[in-house]
There are 2 protein chains.
Amino acid sequence: MASTIKGRRSDATKEAILAAARELFASDGYERATIRAIAASAGIDPAMVMRYFENKEKLFAAAAEFDLRIPDLAGTPREQIGARIAGHVIDRWDGDETLMALLRAAVTHQAAADRMREIFATQLRPAVLAIAPDEAVTRAGLVATQVLGLALTRYVLRLPPVTAMDRDAVVAWLGPTLQNYLTGPRPGHEAP
Amino acid sequence: MASTIKGRRSDATKEAILAAARELFASDGYERATIRAIAASAGIDPAMVMRYFENKEKLFAAAAEFDLRIPDLAGTPREQIGARIAGHVIDRWDGDETLMALLRAAVTHQAAADRMREIFATQLRPAVLAIAPDEAVTRAGLVATQVLGLALTRYVLRLPPVTAMDRDAVVAWLGPTLQNYLTGPRPGHEAP
DNA sequence: CTGGCATGTCAACAAGTGTTGGCCTACACT
DNA sequence: AGTGTAGGCCAACACTTGTTGACATGCCAG
């Protein structure tokens, strides 16, 4: 039996398939991204895709594995948390098309939407809980509305004024919003 | 020749097709909403759809005609504009599934995304221009990020904490955000 | 009644989909 | 050397899609 020391040759093509899948799921969505196109983009036969990932559903699940990499906010001053998150979102989104694949697919595909909710529940919600235990779940939901709204209009719909904003502008505008959602008073419950 | 006084009988089925199309485009997105399913939902033959609307593309265009019905804000006090818009969004969204059809389709379908940008340019942008001429286009874009983000998380992804918020909570949380985007100072340009 | 047009149905086409099984090739081990 | 096996390709399957053309049915004018 071959040793597992330096990885089998198949691991390379498996990774090539995953890269192609992420790219096509991101640009075309779940249904338009065909197995044949993914295979062609990876330079192999469609049957290979089925060999390594059983079916399209599981291929997507493997390609849509995603870590938000929410930064540790313990060190940052409380009043800068909003800006910090806004900046992080921009940075995280630009380098990785996985989240776009997930977002595009989640809109029409059940499993992708489930995954999105799962990421929310296991990654965003706990992070918010650490910052603002009071009404944490609602606050996390509000952050999601603004952050995903930015992603939708900027990377998917490409609304001109939103794509035109540079990193600094996004941080300057969205920072205060996120700050308020995270640490602002609960409406109707102003501090006395 | 038949008089056009009371509309031809075909207008009824044409409207039935449009209603079914809106419903299926809204719940399934562009590619998953098949002509056959739309026809079945309308209780007629698939060929009828082609007779009345040439092809799927044009059927969608007809079904996705949409008016945001942005209320006239001349009467409302300037500091309540944000809350007013937030409330209007919730109301407008619940009664009409056309916008959901548009949103779901826009994510994977080019023409739908174009339509979305067009609605932004012809309906939202002018309304913002009337309120805040300074930096109006950017402000309109920011409003779009928050409003579409709410729509996405609440009606499409159905993130539990977002669907759990009632109308009042949405207005209370999003109102100030929209207010700031519309009438707040331009970041880095605070009034002296 | 008879023609003609609007309204509708049926069956089929060509293309594209996910998926499968058989076959080939090259390399690692004995 | 021979051989087993992992990696890869080809052709085909069953099915669904948008779309089309031929054929039926009703209704109104003459």
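The chains referred to below are lettered A, B, ... by the order of the sequence lines, with proteins before strands, and numbering in each begins at 1. Just so we're clear, the structure is a prediction, and the values are computed from it rather than from any experiment.
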In whole angstroms, how far is the [atom2] atom of [N] from the [atom1] atom of [X]?
X: B:K14; N: C:dG8; atom1: NZ; atom2: C1'; result: 16 Å
X: A:M48; N: C:dC24; atom1: CE; atom2: P; result: 16 Å
X: A:N55; N: C:dT20; atom1: CG; atom2: P; result: 8 Å
X: B:E31; N: D:dT16; atom1: CD; atom2: C1'; result: 14 Å
X: A:I17; N: D:dG7; atom1: CD1; atom2: P; result: 11 Å
X: A:D11; N: D:dG7; atom1: CG; atom2: C1'; result: 12 Å
X: A:D28; N: C:dT17; atom1: CG; atom2: P; result: 11 Å
X: B:I38; N: D:dT19; atom1: CD1; atom2: C1'; result: 14 Å

Need to verify one output field. Residue with the more 5' nearest nucleotide on DNA chain C, B:R36 or A:A33? B:R36
Which residue lies more 5' along DNA chain C, comparing A:R32 with A:E54 via nearest heavy atoms: A:R32
What's the closest nucleotide to the [X] side chain, out of [options]?
X: B:M50; options: D:dT20, C:dT20, D:dT17; result: D:dT20
X: B:K56; options: C:dT9, D:dC9, D:dT19; result: D:dT19
X: A:R51; options: D:dT19, C:dT9, D:dG7; result: D:dG7
X: A:A47; options: C:dT9, D:dC9, D:dT19; result: D:dC9

With salt bridge (Lys or Arg N to Asp or Glu O under 4.0 Å) as the test, would you mind laying out the steps for A:K14 and A:D11 before giving the verdict? CA-CA 5 Å; A:K14 193 166 177 176; A:D11 290 349; 5.8 Å; no
Kindly assign one of parallel, tilted or perpendicular to the pair B:W173 and A:Y181, based on the angle between their ring planes and the thresholds 30° and 60°. perpendicular
Classify the angle between the aromatic ring planes of B:Y30 and B:F60 as parallel (below 30°), tilted (30 to 60°) or perpendicular (above 60°). perpendicular
Side chain to side chain, A:R104 and A:D28, heavy atoms closer than 4.5 Å: no
Between B:R167 and B:G87 (side chain of the first, backbone of the second, donor and acceptor by atom type, cut-off under 3.5 Å), is there such a pair? yes
Just checking A:Y52: base, sugar-phosphate only, or nothing, at a heavy-atom cut-off of under 4.0 Å? sugar-phosphate
Contact under 4.0 Å: B:T13 side-chain N or O vs C:dG8 OP1/OP2: yes
